[in-house]
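Worksheet for the structure shown next.
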Amino acid sequence: MRLTILGGGGFRVPLVHRALLADRGEGRVTEVVLYDPDPARIAVIGQVLAEQAAGHPDPPRVSVTTDLDEALAGTDFVFSAIRVGGLDGRAADERGPLDEGVLGQETVGAGGVAYGLRTVPVTVEIARRVGALAPGAWVINFTNPAGLVTEAMSRHLGDRVIGICDSPIGMGRRVAAALGVDPDRAWFDYAGLNHLGWLRAVRVDGRDVLPDLLTDDAALSSFEEGRLFGGEWLRAIGAVPNEYLHYYYFNRDAVAALRAAPQTRGALVLDQQRDFYARTPDTPGSALADWESTRSARESTYMAENREAAGAGERASCDMDSGGYENVALALMRAIAHDERTTLILNVRNRGALAGLDDDAVVEVPCFVDANGARPLAAAPLADHALGLVTSVKAVERAVLEAATTGSRSAALRALAIHPLVDSVTVARRLLERFETDFPQLGYLGGKAER
Ligand code: G6P
Ligand code: MN
């Protein structure tokens, strides 16, 4: 079985490769094609993978290419994990809004809109190429903003594109540990959009045990979301929100902490990675160890400003081991390839699962997965406050899709201005001008180019 990784020179690719090495099952991936437009980046990651595969019996064969069509032709699975505009782009997405006093973040708020405006045209083109060159392939989309990008691709690939994110799985694992239950025996009633979802119930042997957790302040203080949001707020909404909802519920605090930080998250990760990719070619034999230490430096500072704003302390060491990102991708791929029936929280078209959203809206909900793909399971309706946010943010996503597919600048302005975390049309207008200056690729807005 062949797996093509788009963004094959990306920093997290060794995690996927590691999961593949651990898979000894029948019909596993035997061939990995790394595609990246930057040959220097794939060369570095190729070195890490070679060191990682050393000593493993029968590792998958890894090949690299800078040609998209060659990477896609006849493949079985595509992992798309690209970053349009690179980490420089991320840093600019974050800085512009923070300078305006509103949230500047990779996927949430105005930064997520800018990132979406850059990324959708590129991912739509990829979807078209997959449709032409590998019509039977399944696309697993990691590319952020994951829900929006999955919806853009689904307009061309239907349900053959499935979006994934590690945050709901990570939360499920943490909540299960805080409750002292086996995560494999619990049913997590989680629903919303990517980076905008809520865990409403945890059913074990037919009983919802989440209320036990919400009344136990000691247990709540034992895990990330409990510390970020605090027991009082979790009891007020009767659910555990995705960690990204900290940017909404504690917006003023998060923005203040991010503005006070010496650099944005994107700028910090950019510095770390620039050094890593630059020095690796000079140090043969130590690429894997270098990658590990760079990764651990990155993981330990994840959402540091939010934790600081909430007084949540250090990140738990078990949350730094990862395991969500790559394992969910592998579990999904195996379920489809081998008809191994399972349930996973994924980003798929709604098809009636969640009330208040149309059938084509990509939502993040538990799905039944088998050889036929991923089907969303009927979910209880969202609470009114949650549905309000989800509806607003879906309208933002739809405006981004309109702008990206028609070139409408006014749709881009609307996307920014209606976002719940952008507080004035004046700010939206200035941000759009700034993003257009920062990113030449946004030249398509305003009908300057047909898309
Ligand atoms: C989580 C999210 C991803 C996001 C990543 C950012 O894993 O689910 O969607 O890309 O965090 O992490 P970073 O280390 O780049 O800030
Ligand atoms: Mn994510």
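Hydrogens, waters and symmetry mates play no part in the numbers below; they use all other heavy atoms, side chains included. Each ligand, and each atom within it, is numbered from 1 in the order the structure gives. Bear in mind the structure is a predicted one, so any value in this text is a computation, not a measurement.
Residue Asp358 forms a salt bridge (Lys or Arg N to Asp or Glu O under 4.0 Å) with just one option from Arg349, Arg398, Arg351, Lys394, and that option is Arg398. For the pairing with Pro97, the side-chain contact (heavy atoms from CB on, under 4.5 Å) check across Leu431, Val427, Leu421 returns one residue only, Leu431.
Residue pairs that meet the salt bridge (charged side-chain N to carboxylate O under 4.0 Å, His left out) test with at least one member in residues 3-21, sequence neighbours left out, are Arg12-Glu299, Arg18-Glu292.
If you look at the Mn ion (ligand 2), the protein N, O or S atoms less than 2.8 Å from it are Cys165 SG, His195 NE2.
The shortest side-chain heavy-atom distance between Val78 and Trp138 does not fall under the 4.5 Å cut-off.
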Show the atom names and distances, to 0.1 Å, of all donor-acceptor pairs under 3.5 Å that link a side chain in residues 186-194 to residues at least two apart or in another chain.
| unit_1 | atom_1 | unit_2 | atom_2 | d |
| --- | --- | --- | --- | --- |
| Asp189 | OD1 | Arg200 | NE | 3.2 |
| Asp189 | OD1 | Arg200 | NH2 | 2.8 |
| Tyr190 | OH | Asn242 | ND2 | 3.0 |
| Tyr190 | OH | Glu364 | OE1 | 3.4 |
| Asn194 | ND2 | Glu364 | OE2 | 2.9 |

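Ring geometry for Phe11 against Trp291 counts as tilted: the plane angle lies between 30° and 60°, on a 0 to 90° scale. In this structure, Phe250 and His246 have parallel ring planes: the angle between them is below the 30° cut-off, well short of the 60° mark.
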Residue pair Arg265, Glu305: steps toward the salt bridge (charged side-chain N to carboxylate O under 4.0 Å, His left out) verdict
CA-CA 9 Å; Arg265 176 75 180 155; Glu305 288 81 9; over 6 Å; no
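Contacts of ligand 1 (protein heavy-atom distance under 4.0 Å) are Arg12, Arg90, Glu106, Asn144, Cys165, Asp166, His195, Tyr244, Arg265, Arg298, Tyr302.
For the pair Arg118 and Phe439, the cation-pi criterion (under 6.0 Å, within 45° of the ring axis) is fulfilled.
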